[in-house]
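Please read the structure below before turning to the comments.
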Amino acid sequence: MKWQRVSKDQNNTLITGLRAGVRYNVSLYAVTSRGVSAPSSRLVYSKEQKPVSGPNLSVLVHESRRVHIQWDELPVDQQRGFITHYTVYLQTLYSSNTKLSVNKHKPWIETTYHGIVTENDDKVLLDPPLIALDKDAPLRYAESFEVTLTEEGEICGFRIHGQNVPFEAVVLDKSTGEGVLRAKDKLDCELQKEHTFTIQAYDCGEGPDGTNMKKSHKATVHIQVNDINEYAPVFKEKSYKATVIEGKKYDSILKVEAVDADCSFQFSQICNYEIVTPDVPFTVDKDGFIKNTEKLSYGKERMYKLTVTAYDCGKNRASEDVLVKISVKPTCKPSWQGFNKRIEYEPGTGSLALFPSMHLETCDEPITSIRANIELETNHIGKGCDRDTYSEKSLHKLCGASTGTVELLPAPSSAANWTVGLPTDNGHDSDQVFEFNGTQAIKVPEGMVSTSLKEPFTISVWMRHGPGAHEKETILCNSDKTEMNRHHYSLYVHNCRLIMLLRQDPSEAENYKPAEFHWKLDQACDKEWHHYVLNIEFPTIESQLTIGACWQDNSGHDNDTESVSEPTSGGNAKMAQFFRGNLAGLMIRSGKLENKKVIDCLYTCKEGLDVQLPEEIASAVKVELTPTSPL
């Protein structure tokens, strides 16, 4: 007894070590985790052979014109194959001392034969066996007669008819007519799987002139050439490669395919593929499809190299294994790549290439058009450009601003000492920054600004301010010189609004105008530097300029919008509405309103973007500029 265990994905196997002519019982069981099924059984021979002898014969009934005979079944060990039929031969016996010298009958053979031959063997197994019978032949077992054997009843040979038939028929026993069919040369199933030809037998009754020889009819012979597993699988490609995106599990990445040159279905089919490389996150199925068993990471491994082999259904391994390369790409998002998000540029250093290595990753998607917006912007007080190389006064002169410009926040010096107590960033004269923390303010000395404010004037300032509290925070305040509790004009920030207060005189009530102007600006609270310019017309008033706060009476109510009919002593007022943030370049220019061209010049950088396009694509690219963007 011999057992074999096969996998659930396999539907065939090869049983070896069997002997020809021996009957075997093959049983197949299905096994699960719960038990074993009933068997499916079949009797088989690895190779059938002719029986050892004929069966024992006995006569049951004798009658005048018939006899009833029977025979026993051959023992299994004498059958040496599956018995398909029996041939009963009846021969008439002549009287004693008769010489059988007359060739009266033709030999007889079957009408059709089917045979099997293996590639590496020359003997053909025929069904039925090749036996020719002749009625002229005496029965050897008729002992009650004395006969003289003659050649007419013997079988002398077989003749094969057909073109280039690679077989020959040989008589083994002339008296019994037994013959055998065998291949002349080694057969090749891959060249020809089947052969068909005709065969006939002839007896030995041939005389000197050949007239007495008799031939049988022609029988058709069909021979099938059985395959042996002589060829190993061969892969169609020398190597395979594929690319996958990280983070995904694929049902199939690629397919490897091998073929086998054997002619039979069993040996020419590829039953299994196997990844030989150990410890890789991939698997291959019986059809050659490779997939990953886990999500791949570009950071962990950028390329996997796998060695894959194949087996045919006869367990032959591929003559050469194949290399499979699987590249892992990072998750792809269409975007511009290869550029720095921040570029440091020092004013006055000439041109600087912004994106020398930039490219557009399209993720292999079709592109019909590309649109890119490029904006030149910095966060420095002077915009980080050529304006940083000039002082405020030089910049006003360069831009053609009105004469009479007064700098209210100059760098501390012996001539301008009112800013000495304010914290600064120790910057250059061109961008001196002063910090106001909500507790300090300064007075602008008398005489710095013209006291006659009948003419229009302009206020400009750089300011950086955060969200802050909900209280008013004064940037610049002009109040009564004596009482200091009535605000004639004030520039302050409140709830992310830039507000300009203009105080009207009670005597001009009939010409009443709005007292406050509000600008809701997100820039007033974004903690970034911005430049503000206000052109103002205002009546003549004796006043005091204050930066960073403004006067408020002791009652806690400021006098921004209420008229005061009777003077109040200066002792009843105090500083309030302190500013929290940074100021720089606070200027007042009186006598003339500045035009927009001058204002743009004061804060707009002269640097610009130089777009250089290759000639081959220049005609297909359209460049659009905003009105204030230099190029």
Side-chain angles (χ1 to χ4, degrees), residues 379-382 392 406-412 416-427 431-445 448-449 457-480 484-503 515-534 536 543-553 556-561 573-588 603:
N379 294 327
H380 196 266
I381 176 176
E392 282 292 328
V406 178
E407 190 171 0
L408 302 183
L409 288 175
N417 60 2
W418 64 88
T419 58
V420 171
L422 291 176
T424 69
D425 69 345
N426 296 321
D431 61 356
Q432 184 70 66
V433 175
F434 295 91
E435 180 181 355
F436 294 82
N437 60 13
T439 62
Q440 75 272 60
I442 61 171
K443 295 181 181 179
V444 178
M448 290 300 299
V449 181
F457 64 98
T458 301
I459 299 175
S460 66
V461 65
W462 283 98
M463 181 180 73
R464 180 170 62 187
H465 180 262
H470 295 290
E471 294 82 9
K472 296 178 181 179
E473 299 181 41
T474 299
I475 300 171
L476 178 66
C477 178
N478 187 300
S479 61
D480 288 342
M484 293 187 181
N485 65 345
R486 188 174 63 167
H487 305 168
H488 297 287
Y489 65 86
S490 176
L491 180 63
Y492 61 91
V493 178
H494 187 210
N495 290 333
C496 294
R497 287 179 170 83
L498 184 66
I499 301 175
M500 183 68 191
L501 167 68
L502 296 178
R503 174 81 179 186
E516 290 183 342
F517 297 89
H518 293 237
W519 292 274
K520 174 61 175 171
L521 301 172
D522 294 335
Q523 292 86 342
C525 296
D526 64 2
K527 295 184 179 181
E528 300 288 344
W529 283 105
H530 300 285
H531 189 251
Y532 303 87
V533 178
L534 290 89
I536 305 169
S543 57
Q544 171 67 56
L545 279 179
T546 307
I547 301 174
C550 205
W551 293 100
Q552 181 176 331
D553 62 18
H557 301 283
D558 61 43
N559 293 316
D560 290 347
T561 58
K574 65 177 182 179
M575 286 288 184
Q577 302 175 4
F578 288 97
F579 182 75
R580 295 176 177 83
N582 299 94
L583 298 175
L586 180 56
M587 311 288 290
I588 288 186
Y603 73 92

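The first residue in the sequence is number 1, and the count goes up from there.
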Which atom pair, heavy atoms only, marks the closest approach of Gly466 to Lys527? CA-CG, 3.5 Å

Taking the side chain as everything from C-beta on, heavy atoms only, tell me whether Leu534 gets closer than 4.5 Å to Tyr489. no

Quick one: pull up CD1 in Ile475 and OH in Tyr532 and give me the separation to the nearest 0.5 Å. 7.5 Å

Which heavy atom in Met448 sits nearest to a heavy atom in Val444, and how many Å separate them? CB-CG1, 3.8 Å

Side chains of Phe578 and Glu471: closer than 4.5 Å at any heavy-atom pair? no

Report the relative orientation of the aromatic rings in His494 and Tyr492; use parallel for angles under 30°, tilted for 30 to 60°, perpendicular for over 60°. tilted

Lys520 side, atom NZ; Leu498 side, atom CG - distance, nearest 0.5 Å: 11.5 Å

Nearest-0.5 Å distance, CE of residue Met500 to OG of residue Ser490: 7.5 Å

Quick check: does any side chain N or O of Asn437 sit under 3.5 Å from a backbone N or O of Thr439, one acting as donor and the other as acceptor? yes

Are any of the side-chain heavy atoms of Cys477 and Phe579 separated by less than 4.5 Å? no

Positive for side chain to side chain contact (heavy atoms under 4.5 Å, CB included) with Met463, one of Asn582, Leu586, Val493: Val493

Begin from the C-alpha positions of Phe434 and Ile442 and carry the test side chain to side chain contact (heavy atoms under 4.5 Å, CB included) through to its verdict. CA-CA 11 Å; Phe434 295 91; Ile442 61 171; over 6 Å; no

Where the side chain of Gln577 meets the backbone of Thr474, is there a donor-acceptor pair that is under 3.5 Å apart? no

Heavy-atom pair with the smallest gap, counting every atom of Pro410 and Thr419: O-OG1, 3.0 Å

Side-chain touch Lys472/Ile499, heavy atoms, less than 4.5 angstrom: no

What I'd like to find out is whether the side chain of Phe436 reaches to under 4.5 Å of the side chain of Leu422, using heavy atoms alone. yes

Can you tell if the side chain of Val461 reaches within under 4.5 Å of the side chain of Leu409, non-hydrogen atoms only? no

Nearest heavy-atom contact between His531 and Ser460 is NE2-CB, 4.1 Å

Search all heavy atoms of Gln440 against all heavy atoms of Glu435 and return the closest pair with its distance. NE2-O, 3.5 Å

Distance in Å, Leu521 CG paired with His465 NE2, rounded so as to fall on 0.5 Å steps: 12.5 Å

Give the minimum heavy-atom separation between Trp418 and Leu408, together with the two atoms involved. NE1-O, 2.9 Å

